[in-house]
Amino acid sequence: MILRDAVDNYIDRRQAHGAKFDAGAYLLHRFLKHIGGSARCDAVSQADVLDFLAGKGPLTRYRASKYGALAGFYRYAISRGYVIRSPLPARDDEPARPRSSPPYVYSRNELQRLFDAIDVSRQRSIQLDADTLRALLLLLYGAGLRFAEAQRLTLGDVDLPDALLTIRNTKFYKTRLVPVRRQLADALNTYAAKRAERPLPKGTASTFLANRDGTPVVQRTAGHAFTKLLRDARIGGGNDGRRTPCPHSPRHAAAVHRLESRYRQGADVQRLLPTLSIWLGHTDLNGTRIYLSMTPELPHRASIRFDAYVNRGGNHE
């Protein structure tokens, strides 16, 4: 079996069973490019695989992602008789994944500077203008959305009279409802009036966030806009062990700032973490727990109480 055909069959099978498998498909296509898609499956050596896994830079968590994609493919290839054995090294022989740097969390002052700098930063923009960038930031911080969730919002998903967002096709293949505060709904309503003046190529199924010509905002364009905005707002980052600020950073700030505010009010972690987890669209509390360590204002006993709560099987409803 030709490697390219086997990979395509595997990707088609995963997606036919309901998996998005976008990241896995991307990595396997990178593997094809590295090896040469016309090679036979059984001609790929362990040296070929190790060279692909190693890449050209220092060890990162990306290696583990590549290993996982290949492991799934070779289990499939063995089951179909395309190869007798996997050319992957044993998992125990793989280098330990390096610890991920903590994400950048904007301070409230930095967020204010970002919003204050938007108009100047986008005054010469061709597509992604100040109004849309402001609305995007509001959704990322005010509603705690992932960038892809904000990007995919349609006009029909944004119910401003009831201050409710419908988030579809999420990272974990679920749909959730996100209530927003009236102040945020009013700000989004101001943007919606301007959005209505732009082309609506799909009617109410058109994206809520749109460029000047009505086309959806793509991640690359938003990334460039964020980089310029950070520069114009004189916000650095990436030199203190944290990751470089990016379009995902406002979501982290949203979670941390809510923790800070609630703890100042004396809120109980048993009630706070499950609610925050649902709001953020996490599948379990472990994904939310990390924000405790990002919140220096919280007392150390908060983490201790949360550990005790999880370990004794607290109610996550």
Participant: Is the distance from the ring center of Phe21 to that of Tyr10 below 6.0 Å?
Facilitator: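 For Phe21 and Tyr10, the ring centres are under 6.0 Å apart.
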Participant: Could you tell me whether a side-chain N or O of Arg4 sits under 3.5 Å from a main-chain N or O of Ala39, the two making a donor and an acceptor?
Facilitator: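 Side chain of Arg4 to backbone of Ala39: no pair is present.
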Participant: Determine whether a donor-acceptor pair (N or O, by modelled atom type, separation under 3.5 Å) exists between the side chain of Ser249 and the backbone of Pro245.
Facilitator: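 Here the side-chain-to-backbone pair does not exist.
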Participant: So which atom in Arg182 and which in Pro161 form the shortest heavy-atom distance, rounded to 0.1 Å?
Facilitator: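 For Arg182 and Pro161, the tightest heavy-atom pair comes out as NH2-O, 3.0 Å.
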Participant: Quick one: does Pro247's side chain get under 4.5 Å of Gln219's, heavy atoms only?
Facilitator: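 When only atoms from C-beta onward are counted, Gln219 and Pro247 do not touch, as no gap falls below 4.5 Å.
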Participant: Please report the C-alpha distance between Leu165 and Asp159 in whole Å, then the side-chain angles of each, then the deciding distance to 0.1 Å, and finally whether the side chain to side chain contact (heavy atoms under 4.5 Å, CB included) criterion is met.
Facilitator: CA-CA 6 Å; Leu165 306 177; Asp159 183 351; over 6 Å; no
Participant: Should Lys20 and Asp22 count as an ion pair when the cut-off is N to O under 4.0 Å?
Facilitator: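 No, no charged N to carboxylate O under 4.0 Å.
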Participant: CZ of Phe73 to OH of Tyr82: how many Å apart, nearest 0.5 Å?
Facilitator: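 Phe73 atom CZ to Tyr82 atom OH measures 8.5 Å (nearest 0.5 Å).
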Participant: If you compare all heavy atoms of Ala253 against all heavy atoms of Val105, which two are closest, and at what distance to 0.1 Å?
Facilitator: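 For Ala253 versus Val105, the nearest heavy atoms are CA-CG1, 3.8 Å.
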Participant: Determine whether a donor-acceptor pair (N or O, by modelled atom type, separation under 3.5 Å) exists between the side chain of Ser125 and the backbone of Gln127.
Facilitator: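 Not a single qualifying donor-acceptor pair exists.
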Participant: In terms of hydrophobic clustering (I, L, V, M, F, W, Y; side-chain heavy atoms under 4.5 Å; direct or indirect links), are Leu27 and Val7 co-clustered?
Facilitator: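 No.
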Participant: Using ring centroids (six-membered ring only for Trp), state whether Phe208 and Tyr191 fall under 6.0 Å.
Facilitator: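 Here the rings of Phe208 and Tyr191 have centres that are less than 6.0 Å from each other.
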Participant: If you take all heavy atoms of Ser206 and Pro201, which pair is closest and at what distance?
Facilitator: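 It is OG-N, 3.4 Å.
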Participant: Going from CZ on Arg61 to OG on Ser65, what distance comes out if it is rounded to the nearest 0.5 angstrom?
Facilitator: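 Answer rounded to 0.5 Å: 8.0 Å.
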Participant: Measuring from atom CG of Leu209 to atom CG of Leu136, what distance do you get when rounded to the nearest 0.5 angstrom?
Facilitator: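 Rounded to the nearest 0.5 Å, the CG-CG separation comes to 5.5 Å.
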Participant: CG of Leu28 to NE2 of His34: how many Å apart, nearest 0.5 Å?
Facilitator: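 Answer rounded to 0.5 Å: 13.5 Å.
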Participant: Can Tyr104 and Tyr106 be said to form a ring pair (Phe, Tyr, Trp, His ring centres under 6.0 Å), step by step?
Facilitator: CA-CA 6 Å; Tyr104 192 93; Tyr106 297 116; 5.5 Å; yes
Participant: Counting distance only, does the side-chain N/O of Glu110 pair as donor-acceptor with the main-chain N or O of Ser107 below 3.5 Å?
Facilitator: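 It does hold such a pair.
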Participant: Check Leu128 against Leu133 and note the closest heavy-atom contact, atom names and distance.
Facilitator: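 So the two residues come closest at CD1-N, 4.0 Å.
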Participant: Taking the basic N atoms (NZ, or NE/NH1/NH2) and the acidic carboxylate oxygens, is any pair closer than 4.0 Å for Arg168 and Glu149?
Facilitator: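 Looking at Arg168 and Glu149, the cut-off is not met.
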Participant: Can you tell me if Thr132 uses its side chain to pair, donor with acceptor, with the backbone of Ala210 under 3.5 Å?
Facilitator: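 Side chain of Thr132 to backbone of Ala210, a donor-acceptor pair under 3.5 Å: yes, one is there.
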Participant: With heavy-atom distances below 4.5 Å as the criterion, would you say the side chains of Ile167 and Leu153 are in contact?
Facilitator: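 Answer yes - side chains close enough.
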Participant: Is the gap between the ring centers of His257 and Tyr141 under 6.0 Å?
Facilitator: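 Yes, close enough.
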Participant: Flag the pair Leu137 / Ile118 as yes when at least one side-chain heavy-atom distance between them is below 4.5 Å, and no otherwise.
Facilitator: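 Yes, side chains in contact.
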Participant: Begin with the C-alpha distance, continue with both residues' side-chain angles, and end with the deciding distance and a verdict on side chain to side chain contact (heavy atoms under 4.5 Å, CB included) for Ile84 and Asp42.
Facilitator: CA-CA 8 Å; Ile84 298 176; Asp42 54 10; over 6 Å; no
Participant: Thinking salt bridges, do Lys66 and Glu94 make one under a 4.0 Å N-O criterion?
Facilitator: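 Salt bridge: no.
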Participant: Would you name the heavy atoms of Arg251 and Gly144 that are closest together and state the gap between them?
Facilitator: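 Residues Arg251 and Gly144, closest heavy atoms: NH1-O, 2.6 Å.
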Participant: Assess whether a salt bridge exists between Asp116 and Arg113, defined as any Lys/Arg side-chain N lying under 4.0 Å from an Asp/Glu carboxylate O.
Facilitator: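 No, Asp116 and Arg113 are not salt-bridged.
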Participant: Please lay out, stage by stage, how Ile235 and Leu114 fare under the test side chain to side chain contact (heavy atoms under 4.5 Å, CB included).
Facilitator: CA-CA 8 Å; Ile235 296 175; Leu114 284 176; 3.7 Å; yes
Participant: Is there side-chain contact between Leu188 and Thr190, with at least one heavy-atom pair below 4.5 Å?
Facilitator: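 A side-chain contact is absent here, since even the closest heavy-atom pair is not under 4.5 Å.
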Participant: Could Asp232 and Lys228 be called an ion pair, given the rule that one side-chain N must be under 4.0 Å from one carboxylate O?
Facilitator: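 Yes, Asp232 and Lys228 are salt-bridged.
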Participant: Is a donor on one side and an acceptor on the other found under 3.5 Å between the side chain of Arg80 and the backbone of Tyr76?
Facilitator: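 No: the side chain of Arg80 does not pair with the backbone of Tyr76.
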Participant: As an exercise, state the distance from CZ of Arg212 to CG of Asp131, rounded to the nearest 0.5 Å.
Facilitator: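 Answer for the CZ-CG pair, Arg212 versus Asp131, is 8.0 Å.
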Participant: Considering only residues two or more places apart or on different chains, which pairs with a residue in residues 24-33 satisfy salt bridge (charged side-chain N to carboxylate O under 4.0 Å, His left out)?
Facilitator: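 Non-adjacent pairs meeting salt bridge (charged side-chain N to carboxylate O under 4.0 Å, His left out): zero.
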Participant: Are the side chain of Asp8 and the backbone N or O of Asp5 linked by a donor-acceptor pair below 3.5 Å?
Facilitator: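 Here the side-chain-to-backbone pair does not exist.
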Participant: If two hydrophobic side chains count as joined below 4.5 Å and joins carry through other members, does Met1 share a cluster with Ile78?
Facilitator: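 Cluster IDs for Met1 and Ile78 match.
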Participant: Do Asp213 and Thr215 pair up side chain to side chain, a donor and an acceptor below 3.5 Å, judged on atom types alone?
Facilitator: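 Their side chains do contain a donor-acceptor pair, which is all the 3.5 Å distance test asks for.
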Participant: Do His224 and Thr221 come close enough that some side-chain heavy atom pair is under 4.5 Å?
Facilitator: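 No, side chains not in contact.
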Participant: Examine distances only and state if a side-chain atom of Arg195 and a backbone atom of Thr207 form a donor-acceptor pair shorter than 3.5 Å.
Facilitator: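 Pair found, side chain donor or acceptor close to backbone of Thr207.
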Participant: With distance as the sole test, does Asn211 use its side chain to make a donor-acceptor pair with the main-chain N or O of Pro216 at under 3.5 Å?
Facilitator: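 The answer is yes, because a donor-acceptor pair under 3.5 Å joins these two groups.
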Participant: Taking the side chain as C-beta and beyond, is there a heavy-atom pair between Asp186 and Gln183 under 4.5 Å?
Facilitator: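 No - every pair of side-chain heavy atoms lies 4.5 Å or more apart.
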Participant: A side-chain contact here means heavy atoms from C-beta on lying under 4.5 Å apart; do Val49 and Leu70 qualify?
Facilitator: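 Side-chain contact under 4.5 Å: yes.
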Participant: Show, in sequence, the C-alpha distance, side-chain angles and deciding distance for Arg134 and Asp119, and conclude whether the side chain to side chain contact (heavy atoms under 4.5 Å, CB included) test is met.
Facilitator: CA-CA 9 Å; Arg134 183 177 293 105; Asp119 286 329; 2.8 Å; yes
Participant: Taking C-beta and beyond as the side chain, do Phe226 and Leu140 meet within less than 4.5 Å on heavy atoms?
Facilitator: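 In contact.
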Participant: Salt-bridge test for Arg122 and Asp129: reply yes if a basic N is under 4.0 Å from a carboxylate O, no otherwise.
Facilitator: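 Not counted as a salt bridge, because no side-chain N and carboxylate O are separated by less than 4.0 Å.
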Participant: State yes or no: are the ring centers of Phe147 and His248 separated by less than 6.0 Å?
Facilitator: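 Judged by ring-centre distance (under 6.0 Å), Phe147 and His248 do not meet the cut-off.
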Participant: Work out which heavy atom in Ala71 is nearest to a heavy atom in Arg91; give both atom names and the distance.
Facilitator: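 Nearest pair, atom of Ala71 first, then Arg91: CB-NH2, 4.0 Å.
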